[in-house]
Amino acid sequence: MGQPEPLTPLAEDWQRALAVVAHPDDLEFGAAAAVARWTGQGKQVVYCLLTSGEAGIDGMPPERSRVLREEEQRASAAVVGVDTVEFLGLPDGLLEYGVALRREIAAVVRRHRPDIVVTNNFRDTWDGAYALNQADHIACGRATLDAVRDAGNRWIFPEQLTDGVRPWSRVREVWAAGSPEARHGVDVTATFDRGVASLRAHGAYLSGLGDGGFDAEEFLEGLARQAGSRLGVRYGAAFEVFRIDLA
C-alpha cells in the first residue's frame, strides 16, 4: 500500500462554530484539541449534544448517568475554552435519521448562526473497512448535514421563525471529525495536551471502558500522530469537509 495522501489545512478565517454530536465524549475522542486551538484564536465554539449519554455506562442507571455525564461534558468543554454546552435530551442509543431530528438540529443552527458546523464521522466505519461506526453517530451526522441546509430555507420548519429567529444560510462547511474519508486537517501540536485533559474529564465513562485501564493520552496520540504525519506536523486532527450548497 502507498503512503496516505497529505491532508489540506482547514480554513480558519471564520469566527463562530457549532459542534453537533450524539453523546458526551464524542468530541473528545479526537476533535477537542482542535477546538482548543480555535478558542485560543478567539473564535467562539458552542457544543450541542443530542443525548446525554445516559445509556453509556453499563453499571450505572440511566437517570444517574445522565446527570453525571452532563457534568463531565461541561467540565470537559471548559478545558478547551467552550462555555456554552446544550443538551437536547434525545434518547441515547435510539437516534433516528429523519425529519424530526433534522428539525431539532435546524433550530440549533438558526439560534447560534455559525460559520462552520462540526460533527463526528458518520460513515459506516471508522477505518473504511471493518471498524463499524455506531448508529447514533451515523444518524447525527447525516441529520446535521441536512439540517444545515434546512436552516437556510424559510419554508422548512417555518414554525421556528418567531421571536427574532431567522433562517440562517451562511454555514460555509460541515466538518466531520475522524472520518476515514478525511482529506483536511488542523495542526493540534500546541493544544494536544488540552485535548487529552478534555477527554480525561470524562472519568466516570472512561473507567467503564474495557478493563478500566483505558489510557486517554496513548489513544489520542495514536490518532494525532497519524493525522500529523499527513499534515507534516507532530500532532494533527483530521476532518472530512462538506461544502454547503443551498440550491
Side-chain angles (χ1 to χ4, degrees), residues 11 13-27 31 35 38-39 43-55 62 66-67 69-70 73-74 76-78 80-122 134-177 179 239-247:
D13 58 339
W14 50 272
Q15 187 57 35
R16 297 190 307 276
L18 169 68
V20 181
V21 293
H23 317 106
D25 79 67
D26 281 353
L27 286 162
V35 173
W38 296 326
T39 59
K43 303 184 193 311
Q44 178 190 56
V45 182
V46 169
Y47 283 5
C48 175
L49 288 297
L50 301 187
T51 82
S52 296
E54 67 276 7
R66 175 188 300 277
V67 174
R69 298 204 69 194
E70 288 186 2
Q73 181 61 74
R74 291 189 180 95
S76 174
V80 294
V82 174
D83 56 16
T84 301
V85 182
E86 298 185 358
F87 297 89
L88 298 190
L90 301 178
D92 183 17
L94 300 175
L95 295 180
E96 293 184 284
Y97 170 82
V99 171
L101 189 55
R102 286 166 46 195
R103 179 183 290 111
E104 293 271 8
I105 299 170
V108 178
V109 173
R110 285 169 167 171
R111 187 165 67 252
H112 290 291
R113 303 163 73 87
D115 307 307
I116 298 293
V117 171
V118 177
T119 190
N120 263 4
N121 170 39
F122 53 94
Q134 199 256 9
D136 278 359
H137 301 155
I138 296 170
C140 172
R142 289 184 58 205
T144 296
L145 196 60
D146 288 337
V148 164
R149 293 190 292 182
D150 295 336
N153 188 329
R154 71 179 62 252
W155 307 119
I156 298 179
F157 313 135
E159 72 281 0
Q160 296 175 353
L161 304 178
T162 61
D163 299 323
V165 176
R166 308 301 303 160
W168 183 250
S169 59
R170 298 183 187 176
V171 176
R172 289 162 39 181
E173 295 175 337
V174 175
W175 296 347
S179 169
F239 294 82
E240 183 174 6
V241 171
F242 298 88
R243 292 179 173 84
I244 302 305
D245 180 1
L246 295 179

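On a predicted model such as this, the values are computed, not experimentally measured, just so you know. Side chains included, hydrogens not; waters and symmetry mates left out as well; all remaining heavy atoms used.
Summarising the geometry of T39 relative to V80, their closest heavy-atom pair is OG1-O, 2.7 Å, with the distance given to 0.1 Å. The shortest heavy-atom contact between I244 and V171 is CB-O, 3.5 Å. Across all non-hydrogen atoms, the minimal contact from H137 to A22 is CD2-CB, 4.2 Å. Residues I105 and C140 approach most closely at CD1-O, 4.2 Å, considering heavy atoms. Heavy atoms only, all atoms of each residue included: A77 and V85 are closest at CB-CG2, 3.6 Å. For G53 against R69, the heavy-atom pair with the smallest separation is O-NH1, 3.0 Å.
Annotation: side chain of R74 is in contact with side chain of F87 (closest heavy-atom distance under 4.5 Å). In this structure, the side chains of L50 and E104 stay at 4.5 Å or more apart for every pair of heavy atoms. Two residues are said to be in side-chain contact when any heavy atoms from C-beta on lie closer than 4.5 Å; L18 and V118 fail this criterion. Looking at H112 and W168, their side chains never come closer than 4.5 Å, going by heavy atoms from C-beta outward. Taking 4.5 Å as the limit, every side-chain heavy atom of Q44 sits out of range of all side-chain heavy atoms of W38. Considering only heavy atoms from C-beta on, V20 stays 4.5 Å or farther from V109 through its side chain.
Here CZ of F239 is found 9.0 Å from CG of N120. Values are rounded to the nearest 0.5 Å.
In terms of modelled atom types and a separation under 3.5 Å, the side chain of D26 and the main chain of H23 share a donor-acceptor contact. The backbone N or O of Y47 sits nowhere less than 3.5 Å from a side-chain atom of E86 that would complete a donor-acceptor pair. Formation of a donor-acceptor pair under 3.5 Å by the S179 side chain with backbone atoms of N121 is not found in this model. Side-chain N or O atoms of W175 include none that pairs as donor or acceptor with a backbone N or O of T119 at under 3.5 Å.
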* To do: Give the C-alpha distance, both sets of side-chain angles, the deciding distance and a yes or no for side-chain contact (heavy atoms from CB on, under 4.5 Å) between D92 and S52.
  => CA-CA 7 Å; D92 183 17; S52 296; over 6 Å; no
* Asked: Checking side-chain contact (heavy atoms from CB on, under 4.5 Å) for the pair L88/L49: CA distance, chi angles, key distance, verdict?
  -> CA-CA 6 Å; L88 298 190; L49 288 297; over 6 Å; no
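One finds no salt bridge joining R142 and E96 here, because no Lys/Arg side-chain nitrogen approaches an Asp/Glu carboxylate oxygen to under 4.0 Å.
A centroid separation of less than 6.0 Å is found between the aromatic rings of F122 and F242.
Other residues, nucleotides and ligands place no more than 12 heavy atoms under 6.0 Å from the CZ atom of R154.
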Can you give the donor-acceptor pairs under 3.5 Å from side chains of residues 158-167 to other protein atoms, not counting sequence neighbours?
unit_1 : atom_1 : unit_2 : atom_2 : d
E159   : OE2    : R103   : NE     : 3.3
Q160   : OE1    : R110   : NH1    : 2.9
Q160   : NE2    : R103   : O      : 2.9

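Screening residues 13-22 for side chain to side chain donor-acceptor pair (under 3.5 Å) gives D13-R172 as the qualifying pairs, with residues at least two apart or on separate chains.
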